[in-house]
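The chains referred to below are lettered A, B, ... by the order of the sequence lines, with proteins before strands, and numbering in each begins at 1.
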Amino acid sequence: MNILVCIKQILAPESGWESPADPGGSFGKNEITAVKGGPQTFTEPSFADDCYRMNPYDENALEEALRIREQFPEVKIDALSVGPDRCRRVLRRALEMGADRAVQLQVAPPPSEAPEPPHSREGSKPAHPTESIPDPALTPFETAAVIASYLRGKSYDLILTGVMAEDGMAGQTGQLLAALLGIPCATAVITERLLSSHGPVYVEREEDGGERSAYEITLPALLTIQSGINRPRYPALSHVLRARTQEITKVAAAELLPPPRERVVGSRRRESSTQCAFLTGPLPEQARQFLDFCRQRGFLNT
Amino acid sequence: MSAGIVVIAEATPAGLTPASIKTIFFARRLADVAGEGLMVIIPGRFPGAEPIAGEEAAAAISLPEGQRHRSGKLDNNASNISALLEQTGGAETILLVGESLDAYSAEAWKDSLAPLCRELDPHFLCLPHTSRGWDYGPGLAIRLEAALIGAVEGFRREEEDGAFLFRRSILKGQWQQEVRPERRPVVLTVLPEAAAAAGSAVTHSDTAPGRAETADIRSRHIAPDDTKAEADTAGDTAGATGSDTRGTNLSLSAPRCVTFLTAPARPDPRCRPLGKLPAGEAAYDFSAAEVIVAAGQGIGVAENLGLIQRLAGLFPKAAVGCSRAVCDRGWMEYRRQIGMTGRTVAPPLYIACGISGAMPHLAGMRDSRCIVAVNRDKNAAIFQVAHLGVVADLLAFIPAVLEQADRSHPGA
């Protein structure tokens with residue numbers, strides 16, 4: 001039985017976008033630098049490689065695959081990521097956690113060529129040229145289409161991925177991939193149980209309001225894994241050492257890209273709230289104002 | 001039959017879901033701006049709406065051979081359907097009825113909706129961004145070879161070429177991106193915010209969600225002397241403007257804008273729905289709480305929950321809840337989770353402590369009457385919905401509040 005886990009490398013929240021030092025333009029602890037060799041009109045923040053991490057939901061997906069292999073030792077787990085070379089770090093991490101093989105579908109041009117920022121691919125400028133963030137270069141559809149093309153002729157019984165990526169928050173890639181492959185799919189899976197290594201798989205998916213519905217799905221199938229289903233393991237030292245010698249297959253995938261069906265034309269930081277009144281002054285003063293606010297509205301006695 | 005804008009609404013025995021009503025509101029605005037017609041499809045199984053045997057059921061929609069959509073009629077006693085129709089605000093409505101649509105499964109919904117949507121050939125297909133819409137929407141988009149934009153919060157029109165641009169949040173709601181569809185149809189999954197952004201009539205009020213919008217939709221589309229109501233039952237596209245919308249008794253003998261279609265009966269054998277599960281741990285009952293103090297990832301470690309509890313302890317009728325991140329770390333039980341996959345609450349006062357305010361959490365608390373947010377990061381998305389903001393470290397702010405409270409009640 002073969003399991004594929006699709007993993008996205010994301011910019012870690014603690015790496016700057018959450019707390020920029022200067023909201024006027026700089027991008028947190030990291031400098032904004034012009035894309036080297038690219039069009040100088042477009043700037044994109046450049047982050048050190050260690051600012052990126054594995055999407056936490058994908059960690060849950062990988063952990064779930066590892067648990068299936070503990071139950072059915074004949075299982076082979078492949079980890080896959082679509083991205084530029086820096087995404088090999090998360091594939092290395094996947095090997096350290098216990099994946100058997102890793103594949104990078106390389107979509108960024110090799111460094112010798114002038115890299116083009118994602119927005120200019122279609123020759124249009126961002127709608128809000130104020131600031132630009134490291135948008136995921138690919139839309140969920142493009143990512144799914146690249147993976148689907150790569151998978152042609154290969155056979156996986158189960159494909160797992162996170163319910164969404166923490167950065168793009170779309171939560172679509174899994175469903176799109178399943179539809180492109182023509183296999184059934186369950187999203188937001190919070191419980192999963194393979195009845196045998198040939199399936200079917202029993203899943204519970206989480207719905208609005210925390211309700212759950214159960215399904216029995218034949219293999220091959222794709223599941224998007226919800227957080228909380230498990231606690232991803234820390235790699236064992238022996239696995240870390242083994243992973244150093246394991247190869248990460250690189251597949252040039254740029255030509256697998258389909259024409260875009262939708263395109264991100266611009267991104268901007270949200271303007272600060274207009275309805276929110278911020279307390280000012282020293283902390284004890286703010287605390288007093290907060291209590292007054294609650295008293296005036298009758299939530300606190302006197 | 002065609003409509004530029006099609007909404008796929010979700011119905012419960014109590015009527016359309018609030019998210020569906022808001023999606024209809026958004027779609028109405030989109031239809032106005034695009035100058036196109038609006039149609040609502042409601043998939044489900046409706047008691048009182050049974051297929052009529054024989055040839056009496058005239059085909060309302062001409063579907064290619066081999067597709068098992070058929071038209072039928074409504075039972076006049078189907079009172080819950082009358083309520084549904086009122087909620088669609090007089091838009092032309094298709095009830096897509098089928099046993100396979102009873103227990104939700106993405107495969108069954110896609111199987112039923114794809115041929116119908118292909119036939120209707122809409123410009124935009126609007127789904128509520130719920131655990132369902134977001135589940136089957138992407139697959140439906142693939143079947144229709146459509147563009148797909150998820151978690152839409154608003155739209156605008158490009159000045160140069162009139163293209164529609166849709167806004168959505170990324171990076172925990174701190175950033176927004178604009179997405180442009182490159183082809184049609186376009187599948188949109190729509191957040192409730194989009195309804196608020198689409199019209200000033202929807203305000204952040206304490207009225208029951210949905211009410212105001214419904215009323216507004218109706219008032220905007222009443223055609224006072226429209227006597228077309230007696231026209232043919234199914235398939236009369238001209239009847240898109242409602243007339244009898246004053247009361248709740250929309251006449252079902254003349255549901256001029258209702259078409260009734262049976263979905264394909266064949267369920268996808270690869271995905272068998274086993275039904276809803278009984279709730280494992282009983283959900284925490286927040287309904288009695290006047291004040292909800294909610295903890296987020298920003299509390300740092302589980303031990304700091306004590307501070308949250310002490311803050312809640314200041315209020316006579318308070319409860320403690322949390323974001324999903326807190327549950328996932330095992331710091332609190334899932335039964336206290338507030339958000340899209342947890343409880344939805346709307347207390348008089350909601351105090352968000354160390355919660356970033358990503359969309360799934362906002363979905364569970366944004367209708368609270370008054371929201372106070374405490375967060376170290378002044379760019380946190382939670383401040384977008386807060387009325388009072390404190391940019392501070394919780395571990396400093398809450399002790400300061402406790403100390404001030406002590407001071408005003410010495411010995412208490």
- Message: Quick check on A:E211 against chain B: is it the side chain, the backbone, both or neither that has a heavy atom closer than 4.5 Å?
- Response: side chain

- Query: Looking at B:G275, B:A151, B:A373, which has the largest count of heavy-atom pairs under 4.5 Å with chain A?
  - Reply: B:G275

- Message: For A:L291 versus B:A405, what's the shortest heavy-atom pair and its separation?
- Response: CD1-N, 3.5 Å

- Message: If I take atom OG1 from residue A:T191 and atom CG from residue B:L277, how far apart are they, to the nearest 0.5 angstrom?
- Response: 8.5 Å

- Message: Among B:E290, B:R270, B:K276, B:M359, which residue has the highest count of heavy-atom pairs closer than 4.5 Å to chain A?
- Response: B:R270

- Note on the structure: One should read off an interatomic distance between B:E182 CD and A:R261 CZ, to the nearest 0.5 angstrom, of 12.0 Å

- Query: Taking only residues two or more places apart in sequence, or in another chain, which ones meet B:Y104 in a ring-ring contact (aromatic ring centres under 6.0 Å, His included)?
  - Reply: B:W109

- Side chain / backbone / both / neither for A:F299 at chain B, heavy atoms under 4.5 Å: both

- Query: Which atoms of A:E204 come close to chain B, meaning under 4.5 Å heavy atom to heavy atom: side chain ones, backbone ones, both, or neither?
  - Reply: side chain

- Side chain, backbone, both or neither: which part of A:F293 has a heavy atom under 4.5 Å from chain B? side chain

- Message: List the residues meeting side-chain contact (heavy atoms from CB on, under 4.5 Å) with B:T341, not counting sequence neighbours, and say none if there are none.
- Response: A:E206, A:Q226, B:R324, B:Q337

- Greatest number of non-hydrogen atom pairs under 4.5 angstrom with chain B, of A:C276, A:S213, A:G298, A:G210, falls to A:C276

- Message: Working note: A:D208 + B:M340, criterion side chain to side chain contact (heavy atoms under 4.5 Å, CB included); need CA distance, chi angles, decisive distance, verdict.
- Response: CA-CA 6 Å; A:D208 294 345; B:M340 192 168 168; 3.8 Å; yes

- Item | B:K378 NZ to A:F278 CZ distance, which is reported to the nearest 0.5 Å | 9.0 Å

- Indicate whether the side chain of A:R269 and that of B:Q174 have a donor and an acceptor atom separated by less than 3.5 Å. yes

- Of the listed residues (B:A386, B:A318, B:G139), which shares the most heavy-atom pairs with chain A below a 4.5 Å separation? B:A386

- Turns out that what part of A:I10 lies under 4.5 Å from chain B's heavy atoms comes down to neither

- Query: Considering all heavy atoms of both residues, which atom of A:M169 and which atom of B:I170 are nearest to each other, and what is their separation?
  - Reply: SD-C, 3.8 Å

- Message: Looking at chain A, which one of B:R143, B:R272, B:E145 has the largest number of heavy-atom pairs inside 4.5 Å, strictly under?
- Response: B:R272

- Item | Euclidean distance, A:T224 OG1 relative to B:D135 CG, rounded to 0.5 Å | 7.5 Å

- Looking at A:A178, A:P184, A:A179, A:G228, which makes the most heavy-atom pairs under 4.5 Å with chain B? A:P184

- Message: Given heavy-atom pairs under 4.5 angstrom as the criterion, report whether the side chain, backbone, both or neither of A:L279 touches chain B.
- Response: both

- Note on the structure: Shortest non-hydrogen pair, A:Y215 vs B:C271, comes out as CD2-SG, 3.9 Å

- Side-chain heavy atoms of B:L148 within contact of A:Q172, under 4.5 Å: yes

- B:R376 versus chain A, heavy atoms under 4.5 Å apart: side chain, backbone, both or neither? neither

